[in-house]
Visitor: 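Pasting in a structure now, in structure tokens, and then I'll have a few things to ask.
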Amino acid sequence: MDATKSRPGAADRYDPQAIEKKWQAKWEADQLYRTPDDAPGGRPKWYALTMLPYTSGDLHIGHWFAMSPSDAAARYRRMTVYNVLFPMGFDAFGLPAENAAIKNGAHPAEWTFANVEHMRAQLKLMGAMFDWSREVITASPDYYRWTQWWFLQLLKHDLAYKKKASVWWCPKDQTVLANEQVVDGKCERCETVVAKRDLEQWFFRITKYADELLDFSGLEWTDQVASMQRNWIGRSEGAHLSFGLDVAGVDTKEITVFTTRPDTVFGVSFFVLAPEHPLVEQITTPEQRAAVQAYVNAARKESEIDRLSTEREKTGVFTGAYVTNRFNGKPVPVWIADYVLATYGTGAVMGVPGHDQRDFDFAKKYGLPIIPVFKHPDWDGGELTAALPHGGTMINSGPLDGTPDEIAVATAIKYAEEQAFGKGAVTYRLRDWLISRQRMWGAPIPVIYCDDHDAVPVPEKDLPVLLPDDAEFCPTGESPLTYHQGFLNTTCPTCGKPAKRETDTMDTFMCSSWYQMRYIDPHNEERPFSRELARKWLPVDQYTGGAEHAVMHLLYTRFFTKAARDMGIVEPGEPMVRLFNQGQILGPDGQRMSKSRGNVVAPDSQVERWGADTFRAYLMFLGPWDQGGPYDASGITGIYRWLNRAWNAVTAHVPVGAQPAAPETRALRRWTHKTIKKVTEDIEDVHFNTMIAAMMEFTNELIRLRESGAEVDGDAWREAVESLALLLAPPCPHIAEELWQRLGKPYSVHTQPWPKYDEALARADEVEVAVQVNGKVRDRLLLPLDAPEDVARARALESASVSAHVAGKEIARVIYVPNRLLNIVVKG
RNA sequence: GCCGGGGUGGCGGAACUGGCAUACGCAGCGGACUUAAAAUCCGCCGGUCGCAAGACCUUGUGGGUUCGAGUCCCACCCCCGGUACCA
């Protein structure tokens, strides 16, 4: 019996469950993935980070989709030259824990930490190179102590302050609701109609960094993310213009608007305040009071998304009051309308229906005058049917008449400044970061309220302000901190008199704004991290995570880093140099996977059935990583078959004997080097799907060779199978380790240098070139690499199918793209 | 609504910088091996017409630029993410 064709015995078959368990245990025992702060041999650092999971309970297929390619990339970096830090932790504060607590009557900590245990065990099945000695859990006191410390630093540097802001309020449950808890304007628990209510809350001055946050130079982030963040920040240049106010009994004598079109100020025919604007109540006349009150109440029940819809018909109510347009002395009626937001600009806008479509629609509806202030060349001077676009020169504008469009804004600002009616200004859509949450399961804001000393920061030595472990949850969702006497009552750090603690906790985005700094020194009890280690490891070299975090989380962490830099805590001004946002994996029904929808595919069952390596590779193979999409498990068998073929190719005995110089040897080596090249480029470019496809083709070629029974050159074959084992190491770490060992190579495959390719060996000798006549492919030629045009042309014209389409016609043009195509353009 | 992304065979997808559309895999069909099945290996596999050679059509829809468009431009339709208290 021929040894090469024999069926392998049971012990020699690919058995993922056995080898994965074996190697995971060995790696852990050897601490293979423990990252030293100083690597021997002066290997440069590489900080690879993937977004930490929320402690939802079960590891989701989406976590594997996010983490296993990140792990492959980190492993690849490790095999090149780097000392790679690849930590993992848990985002453990947040609303779902409270919902679970209300439902089960248990403390959120119980639910959360049980979830951590379970999820960590699930994560370990992945066989990733996480350094678990650096694990961080944001809800543990030794972490949130430092989250509180950050709050105090920001407060100290005037980057934190208090002001009123509105929140959704359920009058029946007496509790604040998150946006997602409001469904069709009703409380999701009790279906009571909800409305906004104003509360005193803490803010961070992220707007101070707005301009700096617009600067992405030095960052290797995708254009999509940069563009989304730029639009979110929404920088607008224009002017603040003040309008005179003279209402009996009202002290305020002017109202300021922000406008990007100060040049149209002579065309103002109405004035609009946000319904929440503090002056509304004061200036409304008795006749208008009822209508205004009703409109304000209705506006408090609307979401911002609805209010800002440009599709919806504009509505508003006249307050009965007037302001004076200081530019021409004319009175202007003051309206309120829900499309004006209190949180943008000054919460007041001037209505110029001649040159703004929204204002035009509003004026038409309410019969307000339309005064054009530019003589647009396309406008015949008749009645307008829409707002006029930019263009022309100024009219109806007193001293500014005749100013051309191009310099109108600058001229108007200069005039306003001279007359002291206003000045040039920049406004941002970005708002300061509201961090107060009226919830229990978050890091308590370390502030104490004293009758004599107002808001007093908790001294750093008294941190952490611990969450009580005996909190009781009402079914209403009210924060238990507000009635927990032990937590609430304390003494003032300044005077020692009885005082009350702040009962609000911090937004969980705060926990995740600095966790990348804690991983570098996770057990430090003196400070959040040491300066020396920060200098060594920061910033993160490669960050990956879901596209859903493209704006908020990533803007917050950028802000935190900039603030930390200005406070002298860290050196770099950006947290992450490279960013990659992977797509979201959906349920087989195309919907977001969730327990309530019943469309969750559990990773554990996939791993049990196919093994972690197969599942990892399948997730990478599914499609481009930045796209995501519905999960369909039916193709996974293809990956399993491939790994079996790879196993057989590497472990099989193949007859040796061909000469090194034989064309077959050259062909085998070409496959090897071509594959190393493709895999290297794809992993660098984050194209995991085509990386796997290239390895499949290579494997198929090796199987074909083996099946043919032909003799191969021993060195070339060894180079091929050893390369395959090395290339498998990032995506499929377990089978790679096992094959490497079976090849008789030294442990571990994961500490080997990444294979190098030889460009000359990877190159093909001959290429197929398409021959087109008038853009239609008529034949294909096998030509030597980089064949000159005349050779290609002569060969093409020899072809019967080509000459049939060229015969009797005049060749007008020939386009030749070497190694690709020859296009003959004929006339007649 | 607004901002960002996407739409290619029955399915997931590939295609350098505008140059052979459908790589790789799944499913399906046919064959080899087997007492049989599984596994494995080999072959076929976008559509229409045709006995065939071949011809024509095809990348969400409609238009445009170009020798040549999945790729660039204009308009539109549908799907996904975000929209500031889900994380």
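A, B, ... follow the sequence lines: proteins, then strands. Residue 1 opens every chain. What you see is a predicted model; the values in this text were computed from it and never measured. Worth knowing before you read on, the calculation uses all heavy atoms, side chains too, and leaves out hydrogens, waters and symmetry mates.
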Visitor: When rounded to the nearest Å, what value does the distance between P atoms of B:A75 and B:C20 take?
Guide: 28 Å
Visitor: If the cut-off is 4.0 Å, is A:N581 near the phosphate of B:G81, judged by side-chain N/O to OP1 or OP2?
Guide: no
Visitor: Tell me what A:H553 touches on the nucleic acid: a base, only sugar-phosphate, or nothing, going by heavy atoms under 4.0 Å.
Guide: nothing
Visitor: Among B:C26, B:A14, B:C3, find the nucleotide with the atom closest to the side chain of A:T637.
Guide: B:C26
Visitor: When we call it a touch if two heavy atoms are under 4.0 Å apart, what does A:I639 touch: a base, just sugar-phosphate, or nothing?
Guide: nothing
Visitor: Starting from P on B:G10, measure out to CG on A:D632 and report it in whole angstrom.
Guide: 16 Å
Visitor: Sort by first number and list every stem of RNA chain B: at least 3 consecutive Watson-Crick or G-U wobble pairs, both distances under 3.5 Å.
Guide: B:1-7 with B:77-83, B:10-12 with B:24-26, B:28-32 with B:40-44, B:46-49 with B:54-57, B:60-64 with B:72-76
Visitor: With distance as the sole criterion, is a donor-acceptor pair present between the side chains of A:R437 and A:Q201 under 3.5 Å?
Guide: no
Visitor: Choose from B:C85, B:G4, B:C80 the nucleotide whose nearest atom is closest to any side-chain atom of A:L586.
Guide: B:C80
Visitor: Rounded to whole angstrom, note down the C1' distance from B:A23 over to B:G46.
Guide: 15 Å
Visitor: Does a side chain donor of either A:W647 or A:D12 reach within less than 3.5 Å of an acceptor in the other side chain?
Guide: no
Visitor: Do any side-chain nitrogens or oxygens of A:R437 fall under 4.0 Å of OP1 or OP2 in B:C85?
Guide: yes
Visitor: As a test of reading the structure: which of B:A87, B:C24, B:C85 is closest to the side chain of A:E697, going by heavy atoms?
Guide: B:C24
Visitor: Ring-plane angle category for A:W221 and A:F216, please: parallel below 30°, perpendicular beyond 60°, tilted otherwise.
Guide: tilted
Visitor: What interatomic distance, in whole Å, is found between P of B:A15 and the corresponding atom of B:U66?
Guide: 29 Å
Visitor: Whole angstroms only, please: what is the CD-P distance between A:Q357 and B:G1?
Guide: 17 Å
Visitor: Has A:T690 got a side-chain N or O lying under 4.0 Å from the OP1 or OP2 atom of B:A14?
Guide: no
Visitor: Just by distance, no angles: are the side chains of A:T343 and A:R431 close enough, under 3.5 Å, to form a donor-acceptor pair?
Guide: yes
Visitor: Give the rounded distance in Å between these two atoms: CG of A:L822 and P of B:G19.
Guide: 16 Å
Visitor: Would you indicate which nucleotide in B:A87, B:U40, B:C11 comes nearest to any side-chain atom of A:E548?
Guide: B:A87
Visitor: Kindly say if A:R778 contacts the phosphate of B:C20, meaning a side-chain N or O under 4.0 Å from OP1 or OP2.
Guide: no
Visitor: Think A:K776 has a side-chain N or O under 4.0 angstrom from the OP1 or OP2 of B:C57?
Guide: yes
Visitor: Round to a whole Å and report the spacing from CD1 of A:I815 to P of B:A69.
Guide: 12 Å
Visitor: Between A:Y631 and A:Q606, does any side-chain donor sit less than 3.5 Å from a side-chain acceptor?
Guide: yes
Visitor: Base, sugar-phosphate, or nothing for A:V817, non-hydrogen atoms under 4.0 angstrom?
Guide: base
Visitor: Is the terminal nitrogen or CZ of A:K314 (NZ for Lys, CZ for Arg) located under 6.0 angstrom from the six-membered ring centre of A:F362 and within 45° of that ring's axis?
Guide: no
Visitor: Distance to the ring centre below 6.0 angstrom and angle to the axis at most 45 degrees; does that hold for A:K163 and A:F203?
Guide: yes
Visitor: Within the modelled atom types, does a donor on one side and an acceptor on the other bring the side chain of A:Q772 and the base of B:C20 under 3.5 Å apart?
Guide: no
Visitor: Would you kindly give the CE-to-P distance between A:M552 and B:C85, to the nearest whole Å?
Guide: 5 Å
Visitor: For B:C67 and A:R813 - does any side-chain N or O of the residue sit under 4.0 Å from the phosphate oxygens OP1/OP2?
Guide: yes
Visitor: For A:T175 and A:Q438, does a side-chain donor sit closer than 3.5 Å to a side-chain acceptor?
Guide: no
Visitor: Check whether any side-chain N or O of A:N819 sits under 4.0 Å from OP1 or OP2 of B:C16, and answer yes or no.
Guide: no
Visitor: Let me know the distance between CG of A:L579 and C1' of B:G4, rounded to the nearest Å.
Guide: 14 Å
Visitor: Mind calculating the distance between CD (A:Q627) and C1' (B:G13) to the nearest angstrom?
Guide: 10 Å
Visitor: Can you see whether A:W111 engages A:T55 through a side-chain donor-acceptor pair at a distance of less than 3.5 angstrom?
Guide: no
Visitor: Could you check whether A:K196 gets within reach of a base, just the sugar-phosphate, or nothing at all, counting any heavy atom under 4.0 Å?
Guide: nothing
Visitor: Which nucleotide wins on minimum distance to the side chain of A:V167, given the candidates B:A87, B:C85, B:C24?
Guide: B:C85
Visitor: If anything within 90° of 0 is syn and all else is anti, what is B:G4?
Guide: anti
Visitor: Which nucleotide wins on minimum distance to the side chain of A:T310, given the candidates B:C26, B:G19, B:G1?
Guide: B:G1
Visitor: B:A14, OP1 or OP2 - any side-chain N/O from A:N689 closer than 4.0 Å?
Guide: yes
Visitor: Answer with yes or no whether the side chains of A:N689 and A:W625 bring together a donor and an acceptor at under 3.5 Å.
Guide: no
Visitor: If only side-chain N and O atoms of A:R641 are considered, is one of them under 4.0 Å from the OP1 or OP2 phosphate oxygen of B:A27?
Guide: yes
Visitor: Could you give the CZ-to-C1' distance, from A:R431 to B:A84, as a whole number of Å?
Guide: 6 Å
Visitor: Quick check for you: among B:G1, B:C67, B:G19, whose closest atom lies nearest to any side-chain atom of A:E311?
Guide: B:G1
Visitor: Can you tell me, in whole Å, how much space there is between the P of B:U34 and that of B:C11?
Guide: 38 Å
Visitor: Test for a donor-acceptor pair under 3.5 Å between the base of B:C3 and the side chain of A:R230, counting only N and O atoms.
Guide: no
Visitor: For A:L622, report the nucleic acid contact type (base, sugar-phosphate, nothing); a contact means any heavy atom under 4.0 Å.
Guide: sugar-phosphate
